[in-house]
Amino acid sequence: MMGIIEKFKFIKPGEVRTRFAPSPTGFLHIGSARTALFNYLFAKKNKGSFILRIEDTDKERSKPEFEQDIIENLKWIGIEWDEDLYKQSEREDIYTKYLKKLLEKDTAYYCFCSEEELEDQKQEQMSRGLPARYNQKCAQLSAEEVKKNLDAEKKAVMRFRTPAQKIVFNDLVRGKVEFDSSLMGDVVIAKDLTTPLYNFAVVVDDFEMKISHVIRGEDLLPNTPIQILLQKALGFSQPEYAHLPLILGSDKSKLSKRHGAVSVAEYKKQGYLSETIINFLAFLGWNPGTEREIFSLASLIKEFSMERVQKGAAVFNIKRLDFLNGFYIRQKSPDKLTELCIPYLVQEGLLEPVFKTESYPPAYGGMSISQKYRVVETKEEVSFDYLKKVVAIYQERLKKLSEIIELTDLFFKDKLHYDKKLLKWKDMSDEEIKNVLDKLTEVLSEIKDADWRKKNLENILMLEAEKIGDRGKILWPLRTALTGKKASAGPFEIAEILGKGKTLKRIKQAGGLIE
Ligand code: GLU
């Protein structure tokens, strides 16, 4: 296996190297995805490398399914990392080496204080109005005492002898940042020689991986001073820092589950497109400085600059998300959009794929254009082209792919269930509705199958509507009879797709409600 040093020896001096370092303790959060994107954009813009590092040192909270979700959803939004991904759980030897180094230099020491003892110390300090920090009880233990405790397997942690000093650094987003480490106390950096905690593992990895820029959420800013001190203690160079602004919900409180979906997977499930997510994330704390709103990943790489990342919090605006998604949905070819919508109809139980025995299971587990489908309720087989027609009439108004279910279910049902009041236009009486439905049956029955096209239907029915005077009196009962819905696409396009037989059947069903 290639050693870590060898692996990095080809890195050019001054090369930009960024990393996304998620802990797999939850699904890929929209805020984390924003961090990943900004790291990716900054690296690519500067012709550098972007790496993915899974920070799974917390063995209890890290779960393989979260790691899987992070990887899958990064790929889904199009963020690809360079090099194989790194996992902290596979790098214990490296941490051990550096922990030993700190112990040898006596910049770190073993602490054997129990949790109760620490709690008592804290209470005591607080009662005296002092900041709570470790009282250094174990800071001066002799080598013999430490050995005795370790031999007796007394529970221990490792603490960093935090030097008391002022730490000043330039943050690429926030400018000059200052901290006073005297308030921090001797922080715990590892549970034992093979179990480093976050601050220590990050410092070692950022150095070993030659990270030039640490770009991460502002919530991690308080960790930066201790990381800088650890870098100094280990003789490491200091990367540049850029802390990205917090993301707030529309009510200006920190974005959380209360505001709705927070994981990328949930947005995907609702039918937001990956292009939408990328574009939306880019604007959470960055803007191009122009009116331009639409950016592909490639154009973001071109336009992105850290100077245009704001310091103030970014507000999550779901209206913008919907606007962008509608835009990208309208850009899709009808074939592509249909492919994207079909899984929702299948998931809802309206459609089922028909597998030819020899092609089961389908390659890639996906739905291909040649695939046949069956309407679950009626058992009719429908072609991809038929589904394409159904989807196409809603392309303009679709905001999320999941809406396709509610919009098009009428095409996959035998009988519609609705209240007869729905058929009524303005103050039409039942009798008037009945007459209109009869008239529709009469006129439509005469149209030949070959002539059953939207334009033709429109010409013929508009003539009838002129005769009645109020168009609504014929178009409304027709449209509602065909759809069972207050709002839908227009009656002619729906009638064309339903075909003559079903159109007449639905008008008859509507008539049945009146009697
Ligand atoms: N693993 C840390 C987290 O998920 C981030 C580490 C870092 O970016 O420094 O919060």
Side-chain angles (χ1 to χ4, degrees), residues 16-43 49-71 73-74 79 81 85-92 94-95 98 167 169 171-174 177 179 187-191 195-231 234 236-247 254-256 262-264 281 284-285 306 309:
V16 167
R17 287 177 60 84
T18 64
R19 71 345 182 240
F20 174 49
S23 306
T25 53
F27 298 110
L28 181 65
H29 187 281
I30 208 88
S32 307
R34 192 266 317 251
T35 299
L37 175 65
F38 282 32
N39 274 286
Y40 174 83
L41 295 177
F42 186 75
S49 304
F50 164 74
I51 67 170
L52 174 60
R53 182 170 81 218
I54 303 290
E55 303 213 318
D56 53 354
T57 48
D58 185 337
K59 295 184 183 102
E60 257 129 61
R61 292 177 57 225
S62 297
K63 298 267 172 336
E65 60 267 33
F66 294 138
E67 184 180 320
Q68 210 42 46
D69 175 87
I70 291 168
I71 290 172
N73 285 296
L74 281 179
I79 297 186
W81 50 96
L85 68 80
Y86 298 91
K87 285 174 77 161
Q88 288 189 325
S89 57
E90 292 166 0
R91 299 167 54 77
E92 283 172 6
I94 303 170
Y95 308 124
Y98 287 108
I167 298 134
F169 65 96
D171 187 285
L172 296 179
V173 174
R174 316 183 57 79
V177 182
F179 280 99
V187 294
V188 179
I189 54 171
K191 287 193 184 157
T195 319
L197 295 191
Y198 160 69
N199 280 316
F200 187 79
V202 158
V203 164
V204 168
D205 283 342
D206 286 345
F207 171 74
E208 285 277 342
M209 295 173 189
K210 304 229 179 321
I211 298 305
S212 62
H213 293 76
V214 169
I215 304 168
R216 59 188 177 193
E218 193 187 300
D219 51 327
L220 290 162
L221 185 62
N223 293 288
T224 307
I226 197 74
Q227 292 178 12
I228 291 177
L229 291 173
L230 281 166
Q231 284 154 7
L234 287 159
F236 295 166
S237 53
Q238 186 179 318
E240 296 273 2
Y241 285 100
H243 287 92
L244 306 175
L246 290 177
I247 303 175
K254 194 168 177 233
L255 187 67
S256 72
V262 287
S263 70
V264 172
L281 292 175
L284 287 176
M306 203 56 92
V309 175

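Order of appearance sets the numbers: ligands from 1, and atoms from 1 within every ligand.
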**OP:** Check Leu37, Asn39, Ile215 against Leu244 for a side-chain contact (heavy atoms from CB on, under 4.5 Å) and give me the one that passes.
**Re:** Ile215

Subject >> ligand 1 versus Leu220: contacting region, heavy-atom distance under 4.0 Å >> reply: side chain

**OP:** Kindly assign one of parallel, tilted or perpendicular to the pair Phe179 and Phe169, based on the angle between their ring planes and the thresholds 30° and 60°.
**Re:** parallel

Original post:
Charged N to carboxylate O below 4.0 Å: is that the case for Arg53 and Asp206?
Top reply: yes

Subject >> Subset of ligand 1 atoms that lie under 4.0 Å from at least one heavy atom of Glu55 >> reply: 1 (N), 2 (C), 5 (C), 6 (C)

**OP:** Would you check if Ser32 and Phe20 make a side-chain contact, meaning some heavy-atom pair closer than 4.5 Å?
**Re:** yes

Original post:
For atom 8 (O) of ligand 1, what's the nearest protein heavy atom and its distance?
Top reply: Arg19 NH1, 2.7 Å

Original post:
Tyr198 near ligand 1, heavy-atom distance under 4.0 Å?
Top reply: yes

Original post:
With a 4.0 Å cut-off, would you call Glu208 and Arg91 a salt bridge?
Top reply: no

Subject >> Closest approach of any protein heavy atom to atom 5 (C) of ligand 1, naming residue and atom >> reply: Ala21 O, 3.3 Å

**OP:** Mark up the atoms of ligand 1 that fall under 4.0 Å of a heavy atom belonging to Arg216, in ascending order.
**Re:** 7 (C), 8 (O), 9 (O)

Original post:
For the atom pair CZ (Arg34) and CG (Leu281), what is the distance rounded to the nearest 0.5 Å?
Top reply: 8.5 Å

Original post:
If hydrogens are left out, which of Pro24, Gly26, Ser23 has an atom nearest to atom 3 (C) of ligand 1, that is, the closest non-hydrogen atom?
Top reply: Ser23

